[in-house]
Amino acid sequence: MKICFATNNTNKIYEVQNLLGDSVELVSLESIGCFEELPETQDTIPANSAQKAQYVWQHFGVPCFADDSGLEVEALNGAPGVHSAYYGGLPRNNDNNIALLLSNLESHTNRNAQFRTCITLVTKHGEWQFEGTIQGTILSDKRGEKGFGYDPVFMPQGYDKTFAEMEIEQKNTISHRAIAVKKFIEFLQKNLNLL
Ligand code: IMP
């Protein structure tokens, strides 16, 4: 069973293929001939994820799924949210994003945050969405070298390591993306006829 994962982020392809095992073979955008930047112009994480998956389906006719994720910080009214990737300005830069986040949080004692992922699957039979969230806190300083994005300052609830201090396997068992992917896989296994 082959599905296109509509992303150019090789970290995510690696993470999700790890979670999928052999049940589904992921094919890249490149392998279906899609070399353009996918549109991501919506205001919400679910709408952005649907926009990307629909784009691939409509232009290439391949069953596909797209994910969209972001960090939502309580004291910042949900920011950076859909702007997570370029919060600190363009071009996208993780260090600038983290620096702005920490600076905006300096005067706040409430450090609660969550990562959110929405996956949208599109096939000839329709569109389905799957969500995952993980709660945590934003530290005042970076810790750890693994992962990507805001991982060095995000400590998930119930753990004493940031995402960037965890092995990828450990992050993969608890992350927002892992939760959304698990829901997605469970759905696929029960509904292979939809592909
Ligand atoms: P995307 O929609 O999955 O590309 O995520 C948008 C942005 O949210 C990324 O560029 C990161 O800044 C942030 N983000 C999403 N997932 C993670 C994660 O697992 N760890 C750290 N940052 C993340």
Side-chain angles (χ1 to χ4, degrees), residues 4-19 26 28-29 37-56 64-73 76 78-102 104-105 111 113-121 129-139 141-157 159 161-184:
C4 177
F5 185 2
T7 179
N8 289 310
N9 183 331
T10 47
N11 283 314
K12 290 201 289 190
I13 294 180
Y14 178 68
E15 280 191 15
V16 175
Q17 185 72 73
N18 253 355
L19 292 161
L26 297 188
S28 65
L29 286 166
E37 183 94 3
L38 299 179
E40 269 182 274
T41 57
Q42 306 300 304
D43 292 338
T44 66
I45 288 170
N48 263 345
S49 120
Q51 186 181 24
K52 290 185 280 187
Q54 286 289 354
Y55 181 92
V56 172
C64 68
F65 66 98
D67 77 331
D68 199 65
S69 305
L71 178 68
E72 299 175 331
V73 179
L76 303 178
V82 286
H83 307 297
S84 294
Y86 49 86
Y87 188 50
L90 289 169
R92 299 172 180 209
N93 178 287
N94 289 332
D95 290 334
N96 293 347
N97 290 342
I98 290 176
L100 181 61
L101 176 68
L102 296 184
N104 287 344
L105 272 179
R111 314 287 293 195
Q114 68 175 13
F115 275 120
R116 177 189 297 275
T117 291
C118 181
I119 294 174
T120 304
L121 168 69
Q129 294 198 306
F130 311 89
E131 277 221 350
T133 56
I134 179 163
Q135 314 292 319
T137 53
I138 303 298
L139 304 186
D141 296 295
K142 294 195 236 180
R143 280 175 38 182
E145 303 292 331
K146 301 185 186 77
F148 66 99
Y150 299 88
D151 282 349
V153 290
F154 182 83
M155 185 176 290
Q157 211 169 62
Y159 293 82
K161 285 180 180 175
T162 66
F163 265 175
E165 291 174 309
M166 291 181 176
E167 296 302 326
I168 189 169
E169 292 76 14
Q170 188 178 10
K171 179 182 169 189
N172 271 346
T173 61
I174 62 170
S175 79
H176 48 309
R177 191 167 302 103
I179 294 165
V181 169
K182 271 177 205 150
K183 290 180 185 173
F184 169 60

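When a ligand or atom number is given, it counts from 1 through the structure's own listing order.
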Across all chains, not counting sequence neighbours, the ring pair (Phe, Tyr, Trp, His ring centres under 6.0 Å) partners of F130 are F184, F187
So, are K142 and D95 salt-bridged, with charged N and O less than 4.0 Å apart?
-> yes
Indicate yes or no: does K146 engage D151 in a salt bridge with an N to O separation below 4.0 Å.
-> no
Begin with the C-alpha distance, continue with both residues' side-chain angles, and end with the deciding distance and a verdict on side chain to side chain donor-acceptor pair (under 3.5 Å) for Q135 and Q114.
-> CA-CA 4 Å; Q135 314 292 319; Q114 68 175 13; 2.8 Å; yes
Let me know which protein residues bring a heavy atom to under 4.0 Å of ligand 1; chain then number is fine for ordering.
-> K12, D68, S69, G70, S84, A85, F115, F148, G149, Y150, D151, K171, H176, R177
Hey, mind stepping through T117 and E131 against side chain to side chain donor-acceptor pair (under 3.5 Å) and telling me if it holds?
-> CA-CA 6 Å; T117 291; E131 277 221 350; over 6 Å; no
Applying the side-chain contact (heavy atoms from CB on, under 4.5 Å) test to F154, which of L71, I98, V73, L139 qualifies?
-> L71
